[in-house]
Participant: 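Shown below is the structure under consideration.
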Amino acid sequence: MLTAAKIGGVLAQRIGQPAVLGELLAGIVVGGSVFGLVDPHVNTIHLLAELGVIVLLLAIGLETDLASLMKVGGAAALVAIVGVVAPFGLGYAGCRMMGLTNIQSIMAGATLTATSVGITARVLSDLGRLSSKEGQVILGAAVIDDVLGLIILAVVAGMVDGGEASASMVGIVTLKAFGFLAGALLLGRLIVPWIVKQVDRLDLPGGLMSLAMILALALAWLADLAGSAPIIGAFAAGLLLAGTVKRHDIERDVTRLGYFFVPLFFVAVGAMVDLSALDPRVPGAGRAIGVGVMLVVVGVIGKFIAGYAAPQFKGDRRIVGVGMIPRGEVGLIFAQMGLAKGVLDEALFGAVTLMVVVTTFLAPPLLRALIVKSDTPGPEDESGIADLVTEA
């Protein structure tokens with residue numbers, strides 16, 4: 001799995017694409033669709049993939065600066081809200097018109113809400129526009145999108161576990177998700193900085209990285225007990241550690257750990273794709289392909305129009321809209337959860353994965369076409385989630 005991930009990542013980068021796409025395609029190749037070398041349903045592989053997604057969300061949280069996010073202002077918030085509502089609504093309506101069940105349509109719509117912070121940040125940095133006003137709005141909106149997307153993920157998980165969706169169930173699950181996240185952040189901000197200082201004072205080899213994983217796994221477990229998604233707990237752990245004086249040291253150590261675990265998650269997700277389910281000769285495959293194409297179209301349109309959501313923004317709104325398009329690793333997390341919960345079958349999972357791959361491939365060349373590359377390179381990204389999803 002690691003060999004396939006690294007080879008796939010290098011080949012993807014050679015054609016100007018993020019390594020995550022190569023890892024996903026490598027998973028398809030080594031999975032049941034081609035060579036059948038990796039069975040993602042084996043307990044050991046499933047465990048490694050779960051650890052990978054925990055590390056991934058921990059890194060995303062570490063990359064999220066709440067103070068900087070607040071400075072972006074209302075423009076990013078409006079872009080983020082429209083960037084969640086429009087794709088979700090369009091995707092849900094499209095799926096219902098194509099005959100999918102209510103919960104399947106909700107899950108498919110939820111996969112459209114995400115925006116990949118890491119991929120978008122890396123592309124903007126390569127183009128020397130990370131610190132531009134368009135770049136700041138995109139990054140702020142992408143972070144808000146991820147938070148809203150994680151809440152939606154928890155809501156969908158509650159719906160699946162509880163059967164038919166209802167307004168009261170949505171309210172309860174949303175309250176649990178917000179309540180857990182708020183409670184963890186409020187209590188954690190009082191305790192975690194002190195714990196980090198004590199661990200750092202002990203000068204234990206690997207002490208800070210161990211603390212980060214202990215906190216991520218503990219909060220993931222508590223999130224599950226609270227009826228929320230475990231990845232929200234890992235995300236909250238990242239947010240708490242991002243506010244400590246040792247943030248950069250922890251981020252560096254978590255990134256190194258992620259070089260092993262995160263690619264295994266993407267390969268495992270790719271191995272879950274059943275390309276035979278999209279074979280036109282297979283019964284039901286025609287609908288799955290149709291759903292995949294529909295999700296690509298509404299996924300691009302829904303995010304692009306979000307770039308025009310903030311009337312007070314005076315920059316290039318096309319850049320903002322295109323920058324919101326890639327789904328990347330977050331979209332894969334949503335799709336994998338839908339498959340694990342039994343909401344999406346292999347054919348529909350393939351359709352959603354098709355959307356994730358196409359939107360993630362589409363954004364970098366479109367951004368390059370819209371942006372004249374700066375003569376001076378943009379500020380270099382710090383070690384973190386951008387490395388995990390773009391570096392082989």
Side-chain angles (χ1 to χ4, degrees), residues 17-18 60 63-65 68-94 109-150 152 294-331 334 355-374 378 381 386 389-390:
Q17 297 300 325
I60 290 175
E63 283 287 306
T64 305
D65 186 351
S68 297
L69 184 62
M70 296 301 294
K71 294 179 182 177
V72 173
L78 286 173
V79 170
I81 292 171
V82 175
V84 167
V85 174
F88 181 84
L90 291 172
Y92 175 83
T111 64
L112 294 170
T113 62
T115 295
S116 173
V117 176
I119 292 173
T120 301
R122 181 55 183 265
V123 173
L124 290 172
S125 179
D126 288 344
L127 296 173
R129 295 295 291 269
L130 188 61
S131 59
S132 68
K133 50 188 175 183
E134 292 90 355
Q136 290 300 300
V137 170
I138 291 171
L139 292 182
V143 168
I144 296 173
D145 266 5
D146 280 348
V147 175
L148 294 176
L150 291 172
I152 292 174
M294 180 273 296
L295 290 176
V296 169
V297 173
V298 301
V300 170
I301 293 174
K303 289 294 186 180
F304 185 74
I305 63 176
Y308 293 82
Q312 71 271 35
F313 180 65
K314 304 303 181 184
D316 191 333
R317 301 182 186 193
R318 297 172 303 166
I319 294 175
V320 174
V322 171
M324 297 291 290
I325 288 176
R327 273 27 179 225
E329 71 287 347
V330 186
F334 277 54
M355 178 275 298
V356 172
V357 171
V358 172
T359 57
T360 307
F361 263 116
L362 192 61
L366 285 179
L367 280 174
R368 287 185 176 96
L370 289 172
I371 298 174
V372 177
K373 191 168 185 178
S374 174
D381 297 331
V389 299
T390 59

Participant: So how far is it from Met324 CE to Ile305 CD1, rounded to the nearest 0.5 Å?
Facilitator: 11.5 Å

Participant: Taking all atoms of both residues into account, what is the closest heavy-atom pair of Ala76 and Ala141, and its distance?
Facilitator: O-CB, 3.5 Å

Participant: So which atom in Pro326 and which in Ala363 form the shortest heavy-atom distance, rounded to 0.1 Å?
Facilitator: CD-CB, 3.4 Å

Participant: Between Leu112 and Gly91, which heavy-atom pair has the shortest distance, and what is it?
Facilitator: CD1-CA, 3.5 Å

Participant: Given 3.5 Å as the limit, does a donor-acceptor pair link the side chain of Glu134 with the main chain of Gly315, or not?
Facilitator: no

Participant: Does the side chain of Phe334 reach to within under 4.5 Å of the side chain of Thr113, using non-hydrogen atoms?
Facilitator: yes

Participant: Any heavy-atom pair between the side chains of Val300 and Val358 that's under 4.5 Å?
Facilitator: no

Participant: What's the separation between atom OG1 in Thr359 and atom CG in Leu295, rounded to the nearest 0.5 Å?
Facilitator: 10.0 Å

Participant: Is a donor on one side and an acceptor on the other found under 3.5 Å between the side chain of Thr360 and the backbone of Val357?
Facilitator: no

Participant: Do Arg327 and Pro87 touch side chain to side chain, with heavy atoms closer than 4.5 Å?
Facilitator: yes

Participant: Looking only at heavy atoms, what is the nearest atom pair of Phe304 and Arg318, with distance?
Facilitator: CE1-O, 3.8 Å

Participant: Return the CD1 to CG distance between Ile319 and Leu366, rounded to the nearest 0.5 Å.
Facilitator: 11.5 Å

Participant: Search all heavy atoms of Ala75 against all heavy atoms of Phe313 and return the closest pair with its distance.
Facilitator: CB-CB, 4.5 Å

Participant: Can you name the closest pair of heavy atoms from Val82 and Ala306 and give their distance?
Facilitator: CG1-CA, 3.8 Å

Participant: With rounding to the nearest 0.5 Å, note down the distance linking CD1 in Ile325 to CD1 in Ile138.
Facilitator: 10.0 Å

